[in-house]
S.K.: 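Below you will find the structure I want to go over with you.
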Amino acid sequence: METGFLDSNQGFATQGMQPQTQALRTARVLVFENTPALRDYLRLHLETAGYLVSVAEDSAGIDRNLIGTAPDLILAGAGRHGVEGIQTLRQLRAKPSTAHLPFVMVSDRSQVLDEARVAGASACLGLPLTREDLLQGVAAQLPADRLPPLGLTHNHRRRGSPAVPAPGTPLQAGDPTSTQFVLQRADQHGSALASQVLCTGSVLFADIRNFSGMAELLTTQELADMLNAYFVRACEPVLQHGGWVVKLLGDGLLALFEETPDSPGHAERALKTALLLCVVAGRFGEWLARRFPDKGLPDFAVGVGVHSGDVMICRLNTGAGVDTTIIGDTVNVASRLEEQTKKLGASVVTSLETLGQAGTRFASGKRGSLLVRGRASPVEMAEITGLRPRTGAGVDARGADTYRMIEDAVAHNTHVIVRVRDRLLNETHRIRPSQQPALMRPADTPVKVPGFRLVRRLGQSGMSRAFLAEYERTGALRVLKVVDVSNGAVDLLQRFMQEVEMISQIRNPHVATIFDHGQSEAHAYIVMEYFPGGDLRARMQGPLPPDTALEYVCQIAEALVAIHARGIVHRDLKPDNIMLREDGSLVLTDFGIAKDLSRNMNQTTRGEGLGTPYYLSPEQAVSSQVDPRSDLYSLGVMLYELLVGEPPYRGDDPLTVLQKHVHAPLPVLPEALARFQPVLERLMAKKLEARYASAEVALLAIRDAMTGRLQAV
């Protein structure tokens, strides 16, 4: 079995990992806590900082850890309201052998901390507790020679590497043995000097996909609990493969792998860790579903970028504390490769340079080139999809299962990433000639509308957010569509009020009803009917039966007939803007970027288009003039998707999709659906004049297609 693979019962195997060498004598910390979440949180941050950590859940566990080599410090959580921790503290202080053992109490109750101080605690830390505060609180209780070597964890130091140089000794840049920091202690004036060292290794950067979507659905405390639980799991494969967790940045993890004795190369270990992070993501997604069963969280996935090269490790005194980090081109490229996982639809993306160093056992997929500022040539990159068994040695059944498990986990993680990417392509974009389309996102300020109690957030479009709200006077459920106008965005307010006027003048069962509208100090809002059936997107879990698909398209066409009669072009027709009433009928909503052709009023900048990449018309893609037939093109895209189960044109980024709308051949339906091909071709004709003359004519043709009576129109 390979070092560091997942074990189905124990988590990550630790074969081959040796404890810190006695020469380094890093402090041993005993974490005393019976609450798993807090115990794991404390253990995680201490281990990733380089401390040797053991845990105890009760006083018997402490007694066992005091036999032989005693810990250098005990870190006690609140436990059962702090009672056990304080009792243990008093017992330790009563014994000569442990009377001076540093003891740090952690609690969210001031009473517990006060009692701990009276009982003789060395330090007391209040919850919630940041990583920086924890590490500084622990370090303050230990002598300088017991602190972890900077930038090193577990077995990072090479055999025969030189001792830490004295302060002021110049660093030998490029020296392959220079993996240690120059740790310069505060001088007599109390000022700490910066220190840095150049080393060679592999940098791994991992980020949670769709984190903002999760943040919208969780409270601040729930989000913190989720991140803590995730990082506890995500740091384990890094540590077990000899990596150093440099930083936890929001929802991101930055790690460095250096050369270590008697271990595979840093590139191989970094890529193995990247693959195992996909396994972690899959298992963590299952935990999330159990922990928050009613939140409707999106599927959990991670994106990982890996690159190898020279890295500068820096330790700086920022004034708020000592900060250790890594910088340089290698770090920048690893971060950019992680970003490419979104565009490529991949879980792990690495440079070909790193892949070459890692050996031939890694299975690769899609490839590409990445332009990086400051580099004369692009970085060639590849997707990593799995790990092959070693050759020349038999692999038992369990080993084969492990490789298959990793491959399946990567495939599942990639599937989630692709879905997230597709979801972004289903959102409204601003389109300008010769530029990448830009996603339109509304401001995310707190919302308070008098007379309404917000229940939950439903979603967002290009300019606005939608909330399910309770009308306090009657208890009726309504949808509040809100635009932030606190920053004086006159154009947003004008567009919003235009939307109110457009919808208010339409009386049609397939167009949403507005009950009220208004403006608070910071927001303009519309009060609309609530659709408990959700949107059409939720119904599209694959192809729909042809009769159902055509009936849906007919109802949408009826809505277009109504709005086009008023001179309104919707411009953002898509399943997300089609809602379902309880009786199953469809309703067109969200006129946020609609255009009123009867007015000489247009907030869109000249030469600029608006729309959703998967559904917009060719004329929208090139920022040309639109008319009602532009909506018919989008209706044709929806017809294809309802019948086939996916959009007719797909791509890795918005610009690719837009180009296909303009230049790609018309899509062809499967043979079993060929009778609808003539209607599809008229709806999706590239030129306006080749489409149906109006929504009324298109509606007649669709109904005839349903009954098998096609006629020339």
S.K.: Take L101 and F103 through the side-chain contact (heavy atoms from CB on, under 4.5 Å) test and state the conclusion after the steps.
M.R.: CA-CA 6 Å; L101 181 64; F103 191 105; over 6 Å; no

S.K.: Can we say R404 and E407 salt-bridge, meaning some charged N sits less than 4.0 Å from an Asp/Glu carboxylate O?
M.R.: no

S.K.: Side chains of I208 and F300, heavy atoms from C-beta outward: is any pair under 4.5 Å?
M.R.: yes

S.K.: Any side-chain heavy-atom pair from L355 and I384 closer than 4.5 angstrom?
M.R.: yes

S.K.: Salt-bridge test for E33 and R43: reply yes if a basic N is under 4.0 Å from a carboxylate O, no otherwise.
M.R.: no

S.K.: Any non-hydrogen side-chain atom of V331 less than 4.5 Å from a side-chain atom of L254?
M.R.: yes

S.K.: So does E338 pair up with R209, basic N to acidic O under 4.0 Å?
M.R.: yes

S.K.: Test your reading of the model: is there a side-chain donor-acceptor pair from S107 to the backbone of L113, 3.5 Å cut-off?
M.R.: no

S.K.: Hey, does H307 have a side-chain heavy atom less than 4.5 Å from the side chain of V203?
M.R.: no

S.K.: Do H266 and E259 touch side chain to side chain, with heavy atoms closer than 4.5 Å?
M.R.: yes

S.K.: Show your reasoning for whether side-chain contact (heavy atoms from CB on, under 4.5 Å) applies to I417 and S347.
M.R.: CA-CA 7 Å; I417 288 176; S347 294; 4.1 Å; yes

S.K.: Start with the C-alpha distance between R283 and E286, add both sets of side-chain angles, then the distance that settles salt bridge (charged side-chain N to carboxylate O under 4.0 Å, His left out), and finish with yes or no.
M.R.: CA-CA 5 Å; R283 294 186 177 179; E286 296 171 357; over 6 Å; no

S.K.: A quick test of your reading: do over 12 heavy atoms of other residues, nucleotides or ligands sit less than 6.0 Å from NZ of K295?
M.R.: yes

S.K.: Do V302 and L253 have side-chain heavy atoms sitting under 4.5 Å apart?
M.R.: no

